[in-house]
Each structure stands twice: as C-alpha cells, then as structure tokens.
Q: 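Sharing a structure with you now.
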Amino acid sequence: MRPFSVGLAVVLLLSVSLAFADEGKKSKKNKDLKGKPDVAVGVNLHSMWSYSDGEPSNEFSMEMARLQVTFKQGKSIDAKLQGDFDELFGKGSAKAMMRDAWVRVRPMDWFGVKVGQQKRPFSRIQLRSMGKFETVWRGPADAWLSKSLKYGDRDIGITLGFDFEWDEGRELLLTLGAFNGNGKNSAESDLNGAKDVVGRVEGRPVEWLSLGVSGALKMFDHGSSDVRPEQAWAAGADLQVDWEGLLVVAEGLFGENWDPCLFAPDVHETCVILQPTGSTPNPSYPAKTLVPKTWSAVLMVAYKIPIYKAWKLSLQPLFKGEYFAPDADVSDGNVMVATAGVNLWIGKHFRFMVQEELIRPGDGAPSIWQDENRLMTQVAFDL
C-alpha cells in the first residue's frame, strides 16, 4: 500500500500547485489579509434526563458541554478550536476534551486546504452538527459505522476542498482527505506506513435538495501478529431535503467490518487486536481474508411548525428509523431502532426535546445491543 500512499501525496502536491499556478493574477483574497479578523465564541450545553427499562433505569447526564473559538480572516483563512468539557463530568480525561483543532487556507474561491484534527468527510448523519441535530443523539447506526469502525468521526489529517458554485443556491463540493486512521485523540501510535483515505462529493442541484456520496479506504500497517485485514472500505449515498419547514434526511452505508473484536463471537470478552509478538496465531481468530460485510439505512423526517411568532416558538415533531447489520452474514443479526418525539424551539438557540427510542436487536445480533425502551428529555442550548 506504500505506492498508493505515495500516489496520494503526489495528488495532494499537484492540487496545491494548481491552486497557486497562476502567478500573473492577483487574487481578491489578498485584500482579506489586510482587514480585521473575525473571532467568535460558541457554546453547546445539552443536559438530559432519561428513563429506561434497562440499567440504569433513570439518570441525569451532561450530554454536551462544548466551548469553541473560531477565527476568520475574510475568506482566506479560518480556524477552529473546540473543547468537549462534558468529558470532565464522566470518565474522560483532559486529553479527551479536544475535538476540533484545525486551520484552513483558501488561496482561491474554489479551493481550500484544511490541516489538523477534524471530521472525516464521510456520512451526512455524522457531518450534521449536533447543535442542529433533531434527535438527542445521532443513533446506534452512526455509532457503529462512523465511530466503532472509525470510517467517520474525527481524526488528525489533511483535506482538500473544492467548491464550485454555478448559480445562487446551486453548488458542487468535493472533499478528499488523508488521515492517521486511529480516531479522535487516539492513544495509539501512528506507524506512518498507511493512512485512511476518505472522500465525499456533495451537490445541490436546487436550493432545497442536497445529494451526496462518501467513500473511505482504511489501510493498516501492522506486523504478522495483527489479525486485522490489510485494508477495509466503506461507501454510502445520502440526501437531504429542506423545504418550508420540512426536513428529510436519508442515508445508506455499506462496507466491511474489519475489527474481529466486533464480529467474532468467541473473542468478544477477551479480544485483543494484536496478539503477542512471536506467538502462534490463535485459531479462534478469523482469518484476515474473512471480513464480513456491514451496512446501515437511516431515515429521519421532521417538520417545524411556528406556533407563536412574538416569542419565536415552534414545535417540531420528528421520526427517525434505523436498520443496520453489524455482520451481514449472520442470520437474524440485524438491529432495528425507532425514535419519535417532538422538539419545542424558543428562538434559534434553545430547544426542549422529548423523544422515545426503541431498540430491537435480532437474536443473532452481538450482545452489545440489548432490547430497550428509553424515554429521553433534553434541554439544548446552542450558540
């Protein structure tokens, strides 16, 4: 896979060279650097009470306590630093607090380079900010493919962004990135022999409709004692409709479950990715070539109804359905999730959210998913 990594590096260099190639023209961006920068502070506070027929039966939790600082120098340079302080309320650490930490340079209107810890350009559900998300959390399907299998979510790397707008409200966005592959704030060392390559194309043919496709290729650099495959992939397609208060988000993802700890039933309790150096491979571990497929399908529908304009009050009933297979080869191993509820909006920054979530795993699904009914109420403030 090293020739592939070298090829990617060449593509990155050529793209940057293309952006700066026309030395005879003075970009309008230069005027941005002479102006006063714009610095803004953002806050996300989400507090939840949930009641479940599982354990614990009910609890209060601080789901989100984030502070972020953004910097903009016109359209030429922007940066973001975001800390996740809710980690301090739980079992997290000071290191786990770091979320976004990146800087982006735009030498041209249609091209930008972003470097640092950022979200991989994969999955519309994952890329949609929780400050705007209609449900209390993104759901088990997203937690499975984006976070557990690390196809999405945050990582340290570099992305190239291309933004082409040919009419008001109509645009085409292309994003290509290379990442360490270990995930957000990972304690794992990066062996530098292979990287994750993630790309996304998103188009808006009309103002109220957005279509997207994503792809991710994970390449592992390891010794002979590592039971992971040489590489793994995932891809998906999605759409979003925003039309006069109506929101529809649909997404389908399909890929490979590369982690034997997450699909081999005989290693769930004591699984380790790396076997001791020099040890004889454990026959209970699946062969590297036996990598099961995994998939998910998500549909979310919400409708915002104004009820009192003087206070900017709105009600937003919603429904989200999820259906995913951790291991597509296992009979009756799928997981079904349904979420229904209503959000009360007061202005643009405050929401009171009441939602019911039902999780129904099949008999063949891994034990990490249990049959559960959960009532969730959340107060969300996003500035």
Q: With rounding to the nearest 0.5 Å, note down the distance linking CE in Met48 to CE in Met353.
A: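 Met48 CE to Met353 CE: 10.0 Å, rounded to 0.5 Å.
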
Q: Using a 4.5 Å cut-off on heavy atoms from C-beta on, say whether the side chain of Gln118 contacts that of Thr159.
A: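 In contact.
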
Q: Do Gln370 and Pro361 make a side-chain contact, defined as non-hydrogen atoms from C-beta onward lying under 4.5 Å apart?
A: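 Gln370 vs Pro361: side chains apart.
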
Q: For the pair Arg351 and Glu134, find out whether any cationic side-chain nitrogen is under 4.0 Å from an anionic carboxylate oxygen.
A: no

Q: Answer whether the closest heavy-atom distance between the side chains of Arg120 and Phe179 falls below 4.5 Å.
A: yes

Q: What I want to find out is whether Lys72 reaches Asp78 closely enough, with some N-O distance under 4.0 Å, to be called a salt bridge.
A: no

Q: How would you list, by chain and number, every residue that makes a side chain to side chain contact (heavy atoms under 4.5 Å, CB included) with Tyr308, sequence neighbours excluded?
A: Ala310, Trp311, Leu313

Q: Examine the side chains of Glu63 and Ser47 and answer whether a donor and an acceptor come within less than 3.5 Å of each other.
A: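 No, no side-chain donor-acceptor contact under 3.5 Å.
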
Q: To the closest 0.5 Å, what do you measure between CZ (Arg204) and CG (Asp167)?
A: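 The CZ atom of Arg204 sits 13.0 Å away from the CG atom of Asp167.
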
Q: Are any of the side-chain heavy atoms of Phe71 and Val103 separated by less than 4.5 Å?
A: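 The answer is no; the side chains never approach within 4.5 Å.
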
Q: Regarding Glu251 and Ser123, do their side chains bring together a donor and an acceptor under 3.5 Å, going by distance alone?
A: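 There is such a pair between these side chains.
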
Q: Does the structure place the NZ or CZ of Lys304 under 6.0 Å from the centre of the six-membered ring of Trp345, at an angle of no more than 45° from the ring's axis?
A: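 Verdict for Trp345: a cation-pi partner in Lys304.
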
Q: May I ask you to check whether Tyr151 and Trp233 place their ring centers less than 6.0 Å from one another?
A: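 Not under 6.0 Å, so no.
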
Q: Do Gln355 and Thr135 have side chains that get closer than 4.5 Å, going by heavy atoms?
A: yes

Q: Relative to Trp102, does Lys80 satisfy both conditions: NZ or CZ under 6.0 angstrom from the six-membered ring centre, and within 45 degrees of the ring's axis?
A: no

Q: Can a donor-acceptor pair be found between the side chains of Glu59 and Ser61 at a distance below 3.5 Å?
A: no

Q: Begin from the C-alpha positions of Val249 and Val298 and carry the test side chain to side chain contact (heavy atoms under 4.5 Å, CB included) through to its verdict.
A: CA-CA 8 Å; Val249 178; Val298 179; over 6 Å; no

Q: Do Trp243 and Leu211 belong to the same hydrophobic cluster, where Ile, Leu, Val, Met, Phe, Trp and Tyr are linked whenever their side-chain heavy atoms lie under 4.5 Å apart, directly or via other members?
A: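 As far as the 4.5 Å side-chain criterion goes, Leu211 and Trp243 are connected within one cluster.
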
Q: So, taking the atom named CG in Leu375 and the one named OG in Ser52, what distance separates them when rounded to the nearest 0.5 Å?
A: 10.0 Å

Q: Check the pair Tyr323 / Trp295 against ring-ring contact (aromatic ring centres under 6.0 Å, His included), numbers first and verdict last.
A: CA-CA 9 Å; Tyr323 199 58; Trp295 58 267; 5.7 Å; yes

Q: Is the shortest distance from a Lys or Arg side-chain nitrogen in Asp382 or Arg66 to a carboxylate oxygen in the other one below 4.0 Å?
A: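 Arg66 and Asp382: not salt-bridged.
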
Q: Is there side-chain contact between Lys132 and Met130, with heavy atoms separated by less than 4.5 Å?
A: no

Q: We want to know whether Ser76 and Arg106 form a side-chain donor-acceptor pair, criterion being a heavy-atom distance below 3.5 angstrom.
A: no

Q: Using every non-hydrogen atom in the two residues, find where Leu145 and Ser296 come nearest and quote the distance to one decimal.
A: CD1-OG, 3.2 Å

Q: Are Lys150 and Lys218 close enough that some pair of their side-chain heavy atoms sits under 4.5 Å apart?
A: yes

Q: I need the Glu165 CD to Asp109 CG distance, nearest 0.5 Å.
A: 10.0 Å

Q: Is there side-chain contact between Ile359 and Met336, with heavy atoms separated by less than 4.5 Å?
A: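 No - every pair of side-chain heavy atoms lies 4.5 Å or more apart.
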
Q: Cut-off 3.5 Å, side chains only: do Asp53 and Asn373 have a donor facing an acceptor?
A: yes

Q: Please determine which of Gln117, Arg154, Lys119 meets the side-chain hydrogen bond (donor to acceptor under 3.5 Å, both in side chains) test together with Asp100.
A: Arg154

Q: May I have the step-by-step check of salt bridge (charged side-chain N to carboxylate O under 4.0 Å, His left out) for Asp153 and Lys184, ending in yes or no?
A: CA-CA 7 Å; Asp153 203 14; Lys184 177 172 70 77; 5.9 Å; no

Q: Between Ser210 and Gln240, is there a side-chain donor-acceptor contact under 3.5 Å, judged purely by atom types and distance?
A: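 Gln240 vs Ser210: no donor-acceptor pair found between side chains.
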
Q: Can you tell whether the side chains of Glu357 and Arg374 come within less than 4.0 Å, N to carboxylate O?
A: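 Counted as a salt bridge, because a side-chain N and a carboxylate O are separated by less than 4.0 Å.
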
Q: If I take atom CZ from residue Phe164 and atom CZ from residue Phe162, how far apart are they, to the nearest 0.5 angstrom?
A: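 The CZ atom of Phe162 is 6.5 Å from CZ of Phe164, to the nearest 0.5 Å.
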
Q: Should the pair Arg124-Glu202 be classified as a salt bridge under the 4.0 Å nitrogen-to-oxygen rule?
A: yes

Q: Give me each pair satisfying ring pair (Phe, Tyr, Trp, His ring centres under 6.0 Å) with a member in residues 349-383, each pair once, sequence neighbours excluded.
A: Trp144-Trp369, Phe324-Trp369

Q: I'd like to know if the side chain of Lys320 and the backbone of Arg138 have a donor-acceptor N/O pair within less than 3.5 Å.
A: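 Yes: the side chain of Lys320 pairs with the backbone of Arg138.
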
